[in-house]
Protein chains: 4
Amino acid sequence: MKPKDDSKIEEIFEATLQLVKEHGLSGITVNMIAKKAGFATGTVYTYFENKEQLILKLFDRCFSNYARDYFAGFDPTAPFKVAFHTIWVNMIRHSMDRFSELVFIEQCFHSPYISEESRATYKEVFLPWKEMIEKGKREGLVKQLDVMWLMLYVRGTIREIVKYVQYNQLQITPEFIEQMFNMCWDGIKD
Amino acid sequence: MKPKDDSKIEEIFEATLQLVKEHGLSGITVNMIAKKAGFATGTVYTYFENKEQLILKLFDRCFSNYARDYFAGFDPTAPFKVAFHTIWVNMIRHSMDRFSELVFIEQCFHSPYISEESRATYKEVFLPWKEMIEKGKREGLVKQLDVMWLMLYVRGTIREIVKYVQYNQLQITPEFIEQMFNMCWDGIKD
Amino acid sequence: MKPKDDSKIEEIFEATLQLVKEHGLSGITVNMIAKKAGFATGTVYTYFENKEQLILKLFDRCFSNYARDYFAGFDPTAPFKVAFHTIWVNMIRHSMDRFSELVFIEQCFHSPYISEESRATYKEVFLPWKEMIEKGKREGLVKQLDVMWLMLYVRGTIREIVKYVQYNQLQITPEFIEQMFNMCWDGIKD
Amino acid sequence: MKPKDDSKIEEIFEATLQLVKEHGLSGITVNMIAKKAGFATGTVYTYFENKEQLILKLFDRCFSNYARDYFAGFDPTAPFKVAFHTIWVNMIRHSMDRFSELVFIEQCFHSPYISEESRATYKEVFLPWKEMIEKGKREGLVKQLDVMWLMLYVRGTIREIVKYVQYNQLQITPEFIEQMFNMCWDGIKD
DNA sequence: GATGAATGAGCCTTCATTCAT
DNA sequence: CATGAATGAAGGCTCATTCAT
């Protein structure tokens with residue numbers, strides 16, 4: 001007997017991510033995914049109920065990856081700037097290393113696939129991050145604005161930088177990352 | 001293709017923008033566009049060669065609007081911070097007022113519709129903006145980083161703020177805009 | 001403008017009936033129907049939501065035809081045997097003339113298309129027929145059995161005769177019909 | 001194809017019969033059959049060349065069963081009415097007890113599976129039955145009609161009664177069977 | 001032999017585009 | 001020009017059949 005091969009799920013996911021990066025969510029077919037992953041169309045349906053489920057499962061996966069990398073090595077008791085720096089670097093590294101996942105998530109948000117509930121879940125993951133910034137705010141280390149704006153500010157900065165680096169296939173250095181961090185830090189610090 | 005009624009083009013454009021905001025670029029059909037605009041499917045083909053041309057023409061239109069609003073009231077001879085402020089406010093106002101166009105442009109970038117050439121054109125429009133920041137850099141007013149990063153930083157900040165405001169249907173005040181501007185300014189100033 | 005042509009519905013229905021008679025309900029595809037009716041596959045979907053609706057609408061149609069022909073010229077006040085004869089002849093004539101409809105209805109009953117509700121409706125149509133036989137029973141003209149059995153007996157007789165005539169492409173005469181009627185009548189009369 | 005386990009064939013047959021009764025011939029898949037029978041899809045192909053052969057073999061089986069039960073205890077030398085009664089009761093009992101086989105045979109007849117040749121074989125089985133009725137006709141006991149019509153008449157009567165009993169899950173008594181027999185007998189007797 | 005994952009032809013359906021009215 | 005029915009290529013999905021384990 002040929003057991004259901006879980007690595008195939010990974011191959012399907014990887015093929016989907018590459019194709020979405022290249023053609024956009026609107027430009028891919030199940031057939032393309034199967035071909036790219038190296039097997040027949042029908043096989044996709046052994047592992048996923050239908051195309052929508054494939055997209056949703058991949059979305060969950062990407063999201064989990066993001067949340068996992070995001071808080072790696074995060075110590076809530078560390079001084080604010082240290083903790084902030086840890087997460088900031090985590091974010092930019094994750095976004096660089098898993099750029100196709102970033103693109104995929106963005107594409108999903110403006111698609112018929114992701115419902116409002118999914119969007120809600122999206123936010124919850126960032127609660128520890130939010131609390132950390134609130135702590136920094138209480139300590140008078142960051143601007144006295146609604147924390148949401150500070151968070152968006154950080155995300156926007158990172159997202160644009162990563163996109164540019166990727167689309168222009170640039171090599172980045174630790175120094176570059178520190179420069180970007182400083183720019184971002186100068187924006188939020190009080 | 002000799003359209004007598006130019007207003008129809010506008011109606012098609014507007015319908016498309018609304019539908020893309022609601023359903024994403026992958027979720028719309030020519031029939032949906034025609035229905036929303038208030039006429040028959042075939043009529044769309046009197047004004048546009050095909051769906052791709054419709055999207056591309058609308059993309060150009062949105063892009064022109066962006067460039068037009070962007071530099072409104074811009075005086076290159078004004079002091080740097082003043083000129084920077086003018087454009088910053090133009091950008092955020094345009095993005096708020098024409099949010100559906102912003103969404104549309106973003107969706108297009110990761111679709112099969114927009115080619116590499118279109119992307120190149122995209123950049124040229126920002127040349128005056130680039131030169132202005134370079135001037136500020138020469139004057140020692142902004143950080144000594146590659147100007148590209150400063151530009152991306154500004155764009156990313158604005159984009160995330162606008163998205164959040166729109167999706168949560170918030171009302172914004174001039175004070176809010178100034179707060180956001182300050183955060184952004186603190187990030188790039190030297 | 002090319003108005004929606006209702007005669008196309010008839011052509012689709014006719015094509016479907018012929019194909020079901022030849023290949024059975026399990027042997028037909030939407031493509032076959034369209035080809036047989038003389039137009040493109042997609043056209044079927046201008047007139048019917050999907051394959052299931054096409055089948056259901058045709059089922060209703062066949063059923064209405066049956067009920068209509070069934071009671072043609074039926075006079076409830078006529079003597080029992082006369083009224084019974086009228087309907088009996090109507091039934092066998094209808095079944096001969098519209099044999100493909102008979103086959104289609106039978107096929108539908110053992111298919112995933114027809115629900116229990118449809119089956120219920122099926123029965124209601126025969127109420128006048130049922131009442132008539134009950135009257136005959138009260139008058140002591142037919143056997144003192146549950147009317148249902150008398151009805152089924154009549155239907156079964158007719159159905160088998162018609163099938164045989166059709167599959168063997170026989171020509172039938174009025175005399176033949178009378179012979180069959182007598183056999184049936186002898187069975188139910190008291 | 002050297003099946004070791006003959007009981008598997010029976011299980012496949014039984015599963016098929018049940019499924020056809022529930023979903024119709026057009027509503028079943030090989031996978032459904034295998035699941036219902038309690039083993040893997042591929043196993044079906046150890047016992048049958050393909051789906052068509054499975055259906056055909058089952059059709060033959062059902063048919064043989066029918067013929068076997070049909071003439072159980074039949075004595076050609078017995079008086080006509082006795083012999084006729086024997087077979088009539090055999091038929092109705094078989095049709096009640098093996099209703100799913102009756103449904104299956106009927107479904108097959110209007111499917112792409114059964115060819116004209118199979119239909120021909122079908123008739124041969126009834127030759128003794130035909131001869132018996134012809135004898136009754138020669139003896140002046142039944143109506144002077146083509147024997148075919150008398151046979152169809154009997155079959156139609158039985159078929160409809162059985163269907164109604166089954167679909168309405170009625171319990172039948174020996175008295176009921178005799179009443180039905182009498183109705184049928186009154187129809188054919190001279 | 002048994003298993004069930006893999007295969008891909010073929011089905012139902014959608015939708016960009018054409019064209020008769 | 002405007003209309004929307006007609007077209008048919010192409011996509012999502014099913015399922016009979018094969019085959020590696």
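In this text, all values refer to a predicted model and were calculated from it rather than measured experimentally. Per chain, numbering begins at 1; letters A, B, ... match sequence-line order.
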Can you tell whether the side chains of C:Glu10 and C:Arg61 come within less than 4.0 Å, N to carboxylate O? yes

Measure the distance from CE on B:Met32 to P on F:dG4 and round it to the nearest whole Å. 18 Å

Sugar-phosphate, base or nothing in reach of A:Thr43, heavy atoms under 4.0 Å: base

In terms of the nearest nucleotide of DNA chain F, which residue is placed more toward the 5' end: D:Asn31 or B:Gly42? B:Gly42

Which is more 5' along DNA chain E, the nucleotide nearest D:Phe39 or the one nearest B:Glu52? Just name the residue. D:Phe39

Separation of F:dG8 P from C:Lys35 NZ (nearest whole Å): 9 Å

Between E:dT17, F:dT17, F:dG12, spot the one nearest the side chain of D:Asn50, thanks. F:dT17

Minimum-distance nucleotide to A:Thr46 side chain [options: E:dA2, E:dA5, E:dT18]: E:dA5

When the ring planes of A:Phe63 and A:Phe59 are compared, do they come out parallel, tilted or perpendicular, using 30° and 60° as the limits? parallel

Distance in angstrom units between C:Glu11 CD and F:dA6 P, rounded: 10 Å

Please determine, for E:dA5, whether a Watson-Crick or G-U wobble partner exists with both distances under 3.5 Å, and give it or none. F:dT18

Pick the closest DNA chain E nucleotide for C:Ile28 and for B:Lys51 by heavy atoms, then say which residue is nearer the 5' end. C:Ile28

Rounded distance (Å) that lies between atom P of F:dG12 and atom CD1 of A:Ile12: 14 Å

Rounded to whole Å, the CZ-C1' distance (A:Phe48 to F:dG12) equals 16 Å

Side-chain atoms of D:Thr41 come closest, of F:dT7, F:dA6, F:dT17, to F:dT17

Describe the nucleic acid contact of B:Lys8 in one word from base, sugar-phosphate, nothing, applying a heavy-atom distance below 4.0 Å. sugar-phosphate

Take atom CG of D:Leu25 and atom P of F:dC15, then tell me their distance rounded to the nearest Å. 14 Å

Spacing between B:Ile55 atom CD1 and E:dT17 atom P, to the nearest angstrom: 11 Å

Carboxylate-amine/guanidinium proximity below 4.0 Å for C:Glu106 and C:Lys163: yes

Under 6.0 Å between ring centres: does that hold for C:Phe104 and C:His23? no

Between D:Phe109 and C:Tyr167, is the ring centroid distance below 6.0 Å? no

Send over the distance from A:Ile33 CD1 to F:dG12 C1', rounded to a whole Å. 11 Å

Within less than 4.0 Å of OP1 or OP2 of F:dA5, is there a side-chain N or O belonging to C:Tyr47? no

Looking only at E:dC15, E:dG8, F:dA16, the nucleotide nearest the D:Val30 side chain is F:dA16

Taking OP1 and OP2 of E:dA2, is either one under 4.0 Å from a side-chain nitrogen or oxygen of D:Tyr45? no

